[in-house]
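Index from 1, following the sequence.
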Amino acid sequence: MGNTQTKIEEFETPWRNTSWGKQKKDFLTQTIKAIEPCKHDLKYLRILVVGPNGSGKSAFINSINNAFKGRITSDALSNTIASRSFTVDYTPHEIETGNSSFTVVINDVMGLEKGFRQGCPLEDIINAINGHVKQGHEFKPEKPLSSGDPDYIEKPAPSDQAFCLVNVLAADRIQFTDESVLEKLRNIHHEVKKLGMPQVIVMTNVDEACPVVKTNFQRVYYSKKIKEKMVWCSNELGVQMCHVFPVKNYQEEIETNDDMDVLILQALTQIIQLANDNAKTRLAK
Ligand SMILES: Nc1nc2c(ncn2[C@@H]2O[C@H](COP(=O)(O)OP(=O)(O)OP(=O)(O)O)[C@@H](O)[C@H]2O)c(=O)[nH]1
Ligand SMILES: [Mg+2]
């Protein structure tokens, strides 16, 4: 009975091909290490994460660090009670990728919340993308930053700007996302599209969304549920499927897991490559 159910929920062959385990993880870390910067004088290659509160943004940043360090870290504080945004300020996290040619920084932000003037202001996300937000700025839902504020950078340097937007959505909750939050995500998407900036979706909580994947991460591309949710995210935000990545973040583990790291690093490789290409185009203008 259990087996029959499992079969019904899975494709016979994976719809996205990948290898797994330590060898693949090592290959991905080497790939990241070998990426050549498109702009040699760029101090930081900045990446911005956005998403509903509690979707796993901070946990994703920690998971990336864990994958590189081979141990559990908690640089970006993550929350267990997800009723309101836990992260409230604009926090940069330097990622030790092992690539000496450039420094990757991922900026964590306050989550988007339902309702007008709740959670991270949209204006601040757009300002952050364009490099106008000072590091450490505490977001104020009712008061977006504007020119003249002490935390507003009037003349941003290229390394203050972000070059890839990462939308973080939790697989087990996406279909219940409040319409006002989806609207905020779509608005950000349109603004970012105008800038010609690449966007990806990192779909977290795949363990909570599919019981088969929870016991074996290698089944992620066999799972019909996971694919259905990835397609939903792709359609809802207008991001191509090849830029949608399922991940399981570290939350209760005490040791790293090579298969979890493969999913995390596959997403990161693509994010860095897209950001790197975008830096070249945007800074050439
Ligand atoms: N099971 C599971 N739990 C996760 C996963 N990712 C994050 N979590 C948990 O979800 C909760 C919220 O994660 P956070 O990383 O704090 O979420 P956030 O998007 O930073 O939230 P805000 O800062 O409030 O906007 C934490 O308890 C995490 O441990 C995942 O992939 N699987
Ligand atoms: Mg957070």
Salt bridge check: are [X] and [Y] linked by an N-O gap of less than 4.0 Å?
X: Glu10; Y: Lys224; value: no
X: Lys57; Y: Asp108; value: no
X: Glu96; Y: Lys33; value: no
X: Glu179; Y: Lys114; value: no

List the steps and the verdict of side-chain contact (heavy atoms from CB on, under 4.5 Å) for Thr204 and Phe245. CA-CA 8 Å; Thr204 63; Phe245 298 93; over 6 Å; no
Is it true that the NZ or CZ of Arg16 lies under 6.0 Å from the centre of Tyr222's six-membered ring and within 45 degrees of the ring axis? no
[X] side chain to [Y] side chain, donor-acceptor N/O pair below 3.5 angstrom:
X: Gln135; Y: Asn107; answer: yes
X: Thr97; Y: Asn99; answer: no
X: His132; Y: Asn127; answer: no
X: Thr87; Y: Ser58; answer: yes

Residue list, salt bridge (charged side-chain N to carboxylate O under 4.0 Å, His left out) with [X], at least two apart or on another chain:
X: Lys194; result: Glu191
X: Asp124; result: none
X: Lys22; result: Asp26

With a cut-off of 6.0 Å (strictly less than), are more than 12 heavy atoms of other residues, nucleotides or ligands near CD of Gln23?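 For Gln23, atom CD is not crowded (no more than 12 foreign heavy atoms under 6.0 Å).
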